[in-house]
Amino acid sequence: MIELLAPAGNIESLEAAIGEGADAVYLGLKSFNARLRTTNFAWNQFEAAVDSLHKQNKKIYVTVNTVCEERETERLYRFLSYLNEVGPDALIVQDYAIMRMCQEFFPNLELHASTQMNVESSNAVRLLQKCGVKRMVLARELGLEEIKKIKQETNADLETFVHGALCVSESGLCLFSSFLGGKSANRGMCAQACRRFYTAEVPGGERQGYYFSPCDLQLIDQIPALIEAGVNSFKIEGRMKSAEYVGSVVSAYRYVIDHYKEDRKGSIAAAKRMLASDFARSKTTYWYGFNSLEEGVENAASKILNPEQAGGTGIYLGKIAGTKPAPKELIQALKNTLSTQDSSQINIQMAYLKGGSYDPDPGDSIRLHKSDDTGRVSHKIRTVEVEENSEKRWIDIPQGFTKDDDVYLLQMKSSSKRYNRVLPSDIGKYRKQPKDEILPILDITPVKAKELDYFPDGIYVQVSSIADVFAIQALNPVRVIIEYNSETSYDLLNHKTVIPFSKKQLYISLDPFCSAAQEDKLQEELMLLIKDGYSNFVVNNIAHIQMLKDQKVKLIAGPYLYTFNRWAVSWLENQDIGAFIMPYENSRRNLEATFDQNVRSRVLVPVFAYPALFRMRFKLPADYDFTYFEDKEEKVFKVNSTKDGSFVMPEEPFAITDKVSFIKQAGFNKILIDFSKTKVNRNQIKTIAYSMAKGQPLPDSSRFNWKDGFYSPQQIEEYKAANERAALNKMNGKKGQPGGRSKPFNTKKGKGRR
């Protein structure tokens, strides 16, 4: 049976999805999901939804698809325990920690690998299948032939996105939003840097555009071919979209799935008419229709990018020109008609708009975008007030939006429907919540004598070209990491250059995107390199682990195998990986919390890099004739377009070179200077060496998240509350209470390696 899987960002969308024939829905709760800015479900709503959908023989999946810091692991454990008790049909996961915890504590929870896990090859699928993962949500950057290959070679349960917004970056590999202020896409806080308006330096002046804002995916024509290819589930993106959007898209895809056998051409035409009211961005089939990998790399950009296309979705209604409180009678009317759980619909204000060409009416669905890209919310208009002797039309909008924020039309009232309720009217009997359970302690495997002989203390340097291997000798590295790309692979395989380091001193770093079209050639080349004497590899995709696990070589987990907590580290240990490069997004505090003193010799800490903020699986169009561009805050970035894809990097590097002595004092004695995707020059080497020796910061550099960590709304609220309590105590003449653990320390041990 083919499954049609729909988003449920709120109760109305859930009702629309089920009402139009979705077989399953996916939704998030208030934490650990990649759409934290949508409404999401309260505990009792979720429990009621599971009960109601199961009675209708429908399925419900929960998104737990973000990475988790070490201090959050106990909360994650409690959350998983709660889910285990409620019983959804599966969890959609990104963090290896969840797989590790479920292996040990919750084996009955079915797991689906999120697209954020960057699964795009048969090798990755095989490894996850062996680890108990039931379904693979494939990366959106794959074409039909690649999906066919994975299905034929694994017979795995496959899920593919067929409709909705795309990320310009390869799945799970975007660091842009995180670099801008800790709002990590891997943490559900994406500020959508790809949708922003940029100014580029072009020959003869400047040009402006939405250079990295991708079109929306629409694969309605491809549904029959995907069914024949063996895809098990078709996924519609849109947990932040309106119920009307969800309903219309589900109905279109439902129609094709049900009728394509009897009338392929007619069913697709009918479905396209159903989609005519989708006021989102222009549509693309992205990687579908190319005959080869090379053809896709050359031409995919023209199918996905449109610099003239605004970053917003829908028909532009204008900017908010003014706001005022909502009438008390409107708020009371909403309280009388809405569930108390739908508080987001009650926290409203009134606003009037300027700059658009359409006047919205009650029942229309709109999308509001903060001018600083910190928030986007869908909303159904309940009332319109027209001011006497004025052209001002006041509409209700959510609280939190203000002057100059943008508003778009998502759906007109005429195309909306009323659906049967899914949740019972009284959900008072659903009372399950996460409990105050204590997570058993997990120790990372202690380091054995001589275990890390291949991983000595000292300076490591990573480069992207063979020429730069010679340039970095002045840093006296103990090991050199060579990025494996089109240029270096040719040189290494054909012995074109005598490298001034032994093969024992060289690590080969593999690209984090490993597609079905690339994996066979890569595996062949890796076997040749091993035969030639190379024995140290930095793996950045789970496919690499599967390729190399029986080859008697040393594997180092690269920065894209995210190790933000010790449970993720433990899962990788179980794949015979004993050394780890810290993810670029990590903070000092979280690094030290993850790795105790006795295992810090397992970790290589990057102190200098130009991290790839976007990694795109295509060359940029020919008319993107620029290297440097800047955003409205005048932050400068650079882009590099190659046969291996395109990469956006910051103009100013991430640098904590002045902190090297403190990092070593903390027990991290392996330091990485990463020149990936850049050209090494002598002056830069001197500056970096001076910074490390003298402890002086590099000028014009960024700390990334090293000091402040990830942006966390919850942490900000806790900080505000603590300050308020301190102020109140001071006013009352009380002293603060000493801190401490609220629970007795649990000495029960989790297993290290399994």
Side-chain angles (χ1 to χ4, degrees), residues 1 3-18 22-36 38-66 68 75-95 97-117 128 131-137 157-159 188 232-239 246 250 341 421-424 427 429-435 437:
M1 176 184 167
E3 178 184 271
L4 181 57
L5 176 58
N10 53 43
I11 291 173
E12 286 184 325
S13 294
L14 171 66
E15 292 170 348
I18 298 303
D23 302 298
V25 297
Y26 64 102
L27 53 81
L29 278 76
K30 297 296 184 182
S31 57
F32 301 117
N33 87 86
R35 287 292 184 270
L36 289 181
T38 195
T39 305
N40 293 313
F41 279 67
W43 306 119
N44 57 352
Q45 289 176 321
F46 168 65
E47 188 184 350
V50 171
D51 190 25
S52 297
L53 290 184
H54 284 174
K55 288 175 180 176
Q56 299 182 49
N57 293 317
K58 304 284 187 178
K59 292 187 175 181
I60 184 167
Y61 306 138
V62 181
T63 54
V64 197
N65 55 342
T66 62
C68 172
R75 187 161 61 93
L76 175 63
Y77 172 71
R78 294 170 179 175
F79 184 49
L80 294 175
S81 180
Y82 160 78
L83 293 174
N84 189 55
E85 189 177 356
V86 174
D89 295 280
L91 313 186
I92 304 170
V93 306
Q94 176 186 14
D95 199 323
I98 298 174
M99 293 197 291
R100 182 69 178 83
M101 284 188 188
C102 288
Q103 284 173 341
E104 185 131 339
F105 306 115
F106 313 111
N108 292 327
L109 281 174
E110 182 173 306
L111 301 182
H112 294 179
S114 168
T115 189
Q116 289 294 106
M117 200 178 277
L128 291 174
C131 294
V133 178
K134 179 67 164 64
R135 177 184 290 180
M136 318 300 158
V137 187
D157 198 23
L158 301 181
E159 179 178 307
N232 303 90
S233 179
F234 295 129
K235 187 171 197 169
I236 296 164
E237 184 277 338
R239 278 191 288 144
V246 172
V250 168
Q341 297 291 344
R421 291 181 65 96
V422 172
L423 273 58
I427 59 175
K429 70 175 183 177
Y430 299 103
R431 297 181 179 179
K432 292 176 182 175
Q433 291 191 23
K435 302 179 179 69
E437 299 169 275

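Between L53 and V25 there is a side-chain heavy-atom pair separated by less than 4.5 Å. Proximity of M1 to N232: side-chain heavy atoms (C-beta onward) are nowhere separated by under 4.5 Å. Residues Q116 and T66 are not in side-chain contact: their nearest non-hydrogen atoms beyond the backbone lie 4.5 Å or more apart. Counting only heavy atoms from C-beta outward, the side chains of T63 and S114 never approach each other to under 4.5 Å. Contact annotation: the side chain of R421 approaches that of E15 to within less than 4.5 Å [non-hydrogen atoms, C-beta and beyond]. With contacts defined as side-chain heavy-atom distances shorter than 4.5 Å, the pair I92/T115 does not qualify. Contact check for L5 versus D23: no side-chain heavy atoms found under the 4.5 Å cut-off. Using a 4.5 Å cut-off on side-chain heavy atoms (C-beta onward), F46 and L83 make contact.
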- Show your working on salt bridge (charged side-chain N to carboxylate O under 4.0 Å, His left out) between R431 and E47 and close with a plain yes or no. CA-CA 8 Å; R431 297 181 179 179; E47 188 184 350; over 6 Å; no

Should N65 and V137 be marked as a side chain to side chain contact (heavy atoms under 4.5 Å, CB included) after you check the CA-CA gap, both sets of side-chain angles, and the distance that decides it? CA-CA 11 Å; N65 55 342; V137 187; over 6 Å; no

Point to revise | V86 and V62: CA distance, side-chain angles, deciding distance, side chain to side chain contact (heavy atoms under 4.5 Å, CB included) verdict | key: CA-CA 11 Å; V86 174; V62 181; over 6 Å; no

Item to complete: Verify side chain to side chain contact (heavy atoms under 4.5 Å, CB included) between V250 and L4, making sure each step is shown before the conclusion.
Response: CA-CA 8 Å; V250 168; L4 181 57; 3.9 Å; yes

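Nearest approach of I427 to A48, heavy atoms of both residues: CG2-CB, 3.8 Å. Scanning all heavy atoms of the two residues, the minimum distance from L27 to I60 falls at CD2-CD1, 3.5 Å. Across every non-hydrogen atom of V246 and G238, the tightest pair is CG2-O, 4.2 Å.
Within a 6.0 Å sphere centred on NZ of K134, heavy atoms belonging to other residues, nucleotides or ligands number 12 at most.
Ionic pairing of E159 and R135 is present here: one or more N-O contacts between side-chain nitrogen and carboxylate oxygen are shorter than 4.0 angstrom. With respect to D89 and K59, no salt bridge is recorded, no charged nitrogen being found less than 4.0 Å from a carboxylate O. The pair E3-K58 does not count as a salt bridge, with every side-chain nitrogen at least 4.0 angstrom from each carboxylate oxygen.
Checked by atom type, the side-chain pair E437/S81 shows a donor-acceptor distance below 3.5 Å. In this structure, a donor-acceptor pair under 3.5 Å is present between the side chains of N10 and S13.
To the nearest 0.5 Å, atom CE of residue M101 and atom CE of residue M99 are 12.5 Å apart. One distance of note links CG of L158 with OG of S233; it measures 10.0 Å at 0.5 Å rounding. In this structure, CD on Q45 lies 11.5 Å from OG on S52, to the nearest 0.5 angstrom. Expressed to the nearest 0.5 Å, how far SG of C68 lies from CG of D95 amounts to 6.0 Å. Atoms NZ and OH, on K432 and Y82 in that order, are 8.5 Å from each other to the nearest 0.5 Å.
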Indicate every side-chain donor-acceptor pair of residues 105-113 with a distance under 3.5 Å to a residue at least two apart or in another chain.
| from | atom 1 | to | atom 2 | distance (Å) |
| --- | --- | --- | --- | --- |
| E110 | OE2 | H112 | NE2 | 2.8 |

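Under a cutoff of 6.0 Å and an axis angle of 45°, K235 and Y26 form a cation-pi pair.
Between W43 and Y430, the distance separating the two ring centers is not shorter than 6.0 angstrom.
Residues satisfying the salt bridge (Lys or Arg N to Asp or Glu O under 4.0 Å) test with K429, not counting sequence neighbours, are none.
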